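Worksheet: one structure, shown below.
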Amino acid sequence: MVGTLRREDAGAEVRLAGWVHRRRDLGGLVFVDLRDRSGRIQLSFGPESTPPEVLDRARRLSAEDVVAVRGVVRERPAASVNPELPTGEVEVQVSALDVLAAAETPPIPVAASPGDELPAEELRLRYRYLDLRRDDLQRALALRHRALQVVRAHLSREGFYEIETPMLTRRTPEGARDYLVPSRVHPGEFYALPQSPQIYKQLLMVAGYDRYFQIARCLRDEDLRADRQPEFTQIDAEMSFVSEEDVFGVGERLMAALWREVLGVELELPFPRLTYREAIERYGTDKPDLRFGMEFLDVTDVLREADFRIFQETRGTGLRIRGIRAPGGAALSRKELDQLTDIAKAAGAAGALWVRRGDDGLAGQFAKALDGALAERFLARTGLEVGDLFVVVVGRYRLAPVVPESHEGTTDAHRLGGAEVALDALRRHLGDRLGLRDPSRHAWAWVTEFPLFEWDVEANRLVAAHHPFTSPLPQDVPVLERYTAEGPPSPEAARALFDEGLRSRAYDAVYNGNEMASGSIRIHDQALQRHVFRAIGLSEEEARAKFGFLLEAFRYGPPPHGGFAFGFDRLVMLLAGASSLRDVIAFPKTTAARALFEGAPSPVEARDLRELHIAVLDEKGS
RNA sequence: GGGGCGGUAGCUCAGCCGGUUAGAGUGCCGGUCUGUCACACCGGAGGUCGCGGGUUCGAGUCCCGUCCGCCCCGCCA
């Protein structure tokens with residue numbers, strides 16, 4: 001391994017092989033940087049150690065040739081040491097050189113110079129095997145390997161079995177679009193590739209494998225993003241006879257092992273827990289970045305008194321005035337302050353309003369509307385200090401308390417918000433701008449008690465927020481039972497049930513504002529499961545048709561169980577400090593789900609289609 | 001499905017209000033060079049301006065369509 005040579009190796013006769021990284025031809029002397037997975041070493045070719053014909057061949061080497069050399073490790077002259085390189089104190093004086101494979105000039109450079117822009121992503125994917133030779137991708141995949149080993153070792157140590165589940169499986173009725181695989185032997189029938197091993201892991205619990213995990217490939221046919229690939233990897237785990245706290249313990253010890261082994265960082269355990277309601281009310285999102293404060297503050301009652309039309313118009317409505325205090329934000333330029341409105345508008349709010357506290361008091365958009373006493377109350381409420389900025393967004397907030405004097409005909413306002421999205425965007429923007437999102441901090445948390453149901457506006461019905469096997473919170477079960485005692489509720493009753501805001505035993509793990517994992521305690525009680533199916537409008541027959549095999553299994557002694565799935569690619573991306581999933585996956589797809597190297601997907605011969613009983617509609621022609 | 005940005009030499013990019021011979025850096029090729037490490041210096045080759053159509057005396061530049069890549073919204077139980 002070329003990258004491991006050190007001063008202690010001086011004098012050793014070595015045989016090395018690798019790729020020509022760079023060549024520096026000084027005439028009588030030739031230097032070649034030899035590269036393999038372990039790093040680089042300088043080869044020197046000079047008259048005192050190198051036969052003339054070898055020197056001549058070295059002079060004709062070009063980038064990415066594969067060579068084998070024999071030579072002696074020497075300490076470099078003191079003036080020629082390269083402190084940038086781990087092997088910089090030594091070099092190999094070459095006596096013999098074999099060109100194992102010559103390389104054409106690569107279409108994208110492997111040996112990038114400092115300050116060089118990376119080649120276009122299209123080319124990097126087209127010539128992936130060259131891109132993968134680059135340092136940062138080598139590092140990322142090495143890190144990925146280490147992370148995989150840590151996960152396997154840690155979960156094994158905690159008593160988990162690694163069990164593989166099928167890739168050719170049954171279509172799932174809800175959720176993302178499935179990738180389908182036609183069956184040759186069963187005309188007109190299809191397998192689906194798994195979106196996750198969800199049902200299998202529950203079956204494994206029924207089967208008594210009470211601690212299961214898998215590094216699972218999951219496939220979803222949905223449109224992509226920088227942090228979303230059509231095939232991705234999850235750390236999937238499930239365990240029996242557990243409550244939330246047991247699951248959290250496993251998850252956070254696993255993350256602690258990863259951060260320790262990969263980054264050398266000791267995470268603080270246990271992770272803080274906060275409920276979904278708390279997260280939404282304090283940060284406006286279910287994945288808050290907890291590296292900094294700037295929590296939402298409800299100032300509706302104070303600012304309503306101000307002589308300011310926008311504030312006064314909230315009287316008698318469900319509209320709230322909420323804001324965040326940005327410490328030191330008063331230093332922002334006028335241009336940056338104007339930008340805040342754009343950010344709020346882009347996030348769907350009407351705008352943002354701000355005041356700042358300078359040495360001579362409040363200034364800003366609604367400062368004049370705050371007279372002496374009101375200003376006192378405002379300052380007392382917000383804790384605004386000299387140098388601080390306070391930004392408010394007026395609008396409907398998710399989970400805001402119902403206002404008795406509200407004249408609105410619907411209760412939408414308190415469940416379906418919108419303004420919190422804008423204020424969250426402002427919080428994150430200001431957090432960035434004020435340097436509060438410290439990359440060296442590691443703020444994990446469990447967000448618990450996610451809503452059990454969501455409301456599908458188009459279909460006018462309830463849908464399971466996580467998945468239909470997610471257990472409701474015990475305190476909320478009586479409410480559920482009340483609505484579903486007689487069978488599926490009417491659309492009106494379903495809507496009323498949604499407004500009850502039932503909570504579930506579903507949870508997420510959140511890290512620095514990223515959703516890293518989700519999971520839940522599942523339903524193992526058949527009667528309770530029936531109530532949930534009824535609530536989302538599934539009759540017994542439909543439920544059996546869709547989830548029959550799982551329900552059948554649950555007739556034969558299902559243990560209480562629950563688990564989690566961490567997004568492994570995303571974990572590696574953050575551990576590696578990469579900004580795209582594509583940089584931590586060896587062979588990723590483009591945003592149009594194409595594989596540029598091998599050229600997938602591709603058309604297939606009519607004969608092959610016939611064998612699969614498939615006819616392709618010509619949608620592009622005509 | 002929708003919106004935004006981009007596609008010019010092998011690579012990264014510049015190219016003004018449409019104007020006559022499309023440039024730079026780097027890489028590549030040739031040469032000089034015994035301590036370089038982004039070697040240096042000298043010289044040279046290298047272009048389907050993504051593709052198709054249109055406007056125009058004239059299109060890399062303007063218009064329409066289309067393909068590809070990236071980012072975002074929808075979507076992702």
Side-chain angles (χ1 to χ4, degrees), chain A residues 21-34 40-50 55 59-60 62-64 74 76-85 87-88 91 93 104-127 130-131 172-178 195-196 198-199 218-230 232 346-348 421 450-454 456 458 462-470 504 506 515 518 520 532 536 546-547 565 567 579-580 582 589-594 596 599 620:
Chain A
H21 188 68
R22 232 192 276 276
R23 175 178 45 99
R24 292 174 293 281
D25 182 354
L26 274 60
L29 267 181
V30 177
F31 297 102
V32 168
D33 291 333
L34 185 70
R40 301 202 282 268
I41 182 89
Q42 175 167 283
L43 308 177
S44 79
F45 299 79
E48 62 276 16
S49 60
T50 312
L55 186 69
R59 186 165 288 131
R60 290 199 310 270
S62 52
E64 304 309 312
R74 297 281 185 222
R76 296 196 196 181
S80 302
V81 164
N82 184 350
E84 308 275 301
L85 235 52
T87 59
E91 64 186 7
Q93 290 185 342
E104 292 179 22
T105 302
I108 60 172
V110 175
S113 301
D116 277 3
E117 294 288 329
L118 283 178
E121 188 109 20
E122 189 173 352
L123 286 164
R124 294 178 51 203
L125 294 173
R126 170 74 185 79
Y127 300 99
L130 294 177
D131 201 37
T172 41
E174 288 172 60
R177 269 186 289 269
D178 290 310
Q195 295 181 25
S196 81
Q198 182 61 36
I199 291 187
C218 305
L219 300 105
R220 295 179 189 173
D221 185 6
E222 295 292 347
D223 290 338
L224 307 183
R225 293 282 190 283
D227 60 351
R228 227 192 279 162
Q229 282 274 305
F232 59 100
V421 175
F450 270 67
L452 184 63
F453 298 122
E454 281 169 6
D456 184 334
E458 276 175 27
L462 279 179
V463 292
H466 186 56
H467 60 59
F469 313 114
T470 301
S504 75
E515 178 194 329
S518 60
S520 64
V532 170
I536 59 177
K546 287 181 168 177
F547 306 108
S579 53
S580 165
R582 291 185 296 273
K589 304 278 189 289
T590 68
T591 49
R594 279 190 182 281
L596 293 184
K620 276 187 192 162

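The sequence lines fix the lettering, A, B, ..., with proteins before strands; numbering per chain opens at 1. For the numbers below, each heavy atom of this structure counts, side chains included, while hydrogens, waters and symmetry mates do not. Computed from a predicted structure; not experimentally measured.
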Please list, for nucleotides 1-5 of chain B, all pairs of protein and nucleotide N/O atoms separated by less than 3.5 Å.
residue	atom	partner	partner atom	Å
B/G1	O6	A/Asp223	OD2	3.3

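One C1' atom belongs to B/U55, the other to B/C63, and the distance between them is 7 Å to the nearest Å. For the P atom pair drawn from B/U8 and B/G47, the interatomic distance equals 15 Å after rounding to whole Å. Here the separation of B/G31 from B/C68, taken at their P atoms, is 45 Å to the nearest Å. For the P atom pair drawn from B/C5 and B/C42, the interatomic distance equals 42 Å after rounding to whole Å. For the C1' atom pair drawn from B/C16 and B/A59, the interatomic distance equals 15 Å after rounding to whole Å. Distance noted for atom C1' between B/C67 and B/G30: 40 Å (whole Å).
In this structure, A/Leu85 reaches neither bases nor backbone, as no heavy-atom distance under 4.0 Å exists between it and the strands shown. Within 4.0 Å (heavy atoms only), A/Ala112 reaches no atom of the nucleic acid at all. Residue A/Gln42 is in base contact, counting any heavy-atom pair closer than 4.0 Å across all strands shown. Across all strands, A/Leu123 comes closer than 4.0 Å only to sugar-phosphate atoms, never to a base (heavy-atom distances). As judged by a 4.0 angstrom heavy-atom cut-off over every strand, A/Thr590 is placed among residues touching the sugar-phosphate backbone only. Within the 4.0 angstrom heavy-atom criterion, only backbone atoms of the sugar-phosphate kind lie near A/Ala592; the bases stay farther away. Counting non-hydrogen atoms under 4.0 angstrom, A/Val32 reaches nothing in the nucleic acid.
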With side-chain contact (heavy atoms from CB on, under 4.5 Å) as the test, would you mind laying out the steps for A/Arg582 and A/Thr591 before giving the verdict?
CA-CA 10 Å; A/Arg582 291 185 296 273; A/Thr591 49; 4.1 Å; yes
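Atom CZ of A/Arg60 and atom CZ of A/Arg23 lie 10.5 Å apart (nearest 0.5 Å).
If you check B/C11, B/U34, B/U12 against the side chain of A/Ala120, the one that comes closest is B/U12. Checked against B/U34, B/C75, B/C71, the side chain of A/Arg177 finds its nearest nucleotide in B/C75. Checking B/G35, B/C33, B/C11 against every side-chain atom of A/Pro109, the shortest atom distance belongs to B/C11. Considering only side-chain atoms of A/Glu117, the nucleotide from B/G35, B/U12, B/C70 that sits closest is B/U12. Listed nucleotides: B/U36, B/G69, B/C76. Nearest to the side chain of A/Glu91: B/U36. For A/Arg76, the listed nucleotide lying nearest its side chain is B/G35; candidates were B/C76, B/G35, B/C33. When the nucleotides B/C70, B/U36, B/C75 are ranked by their closest atom to the side chain of A/Arg582, B/C70 comes out on top.
Contacts of A/Phe547 classified as ring pair (Phe, Tyr, Trp, His ring centres under 6.0 Å), with partners at least two apart in sequence or in another chain: A/Phe469, A/Phe533.
Listed pair A/Arg24 / B/C39 meets the phosphate criterion, a side-chain N or O lying under 4.0 Å from OP1 or OP2.
With the nearest nucleotide of RNA chain B identified for both A/Leu26 and A/Ser580, A/Leu26 has the one nearer the 5' end.
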Expected string for nucleotides 26-31 of chain B under the B/S/- scheme (protein heavy atoms, under 4.0 Å, primed atoms plus P, OP1, OP2 as sugar-phosphate) is --S---
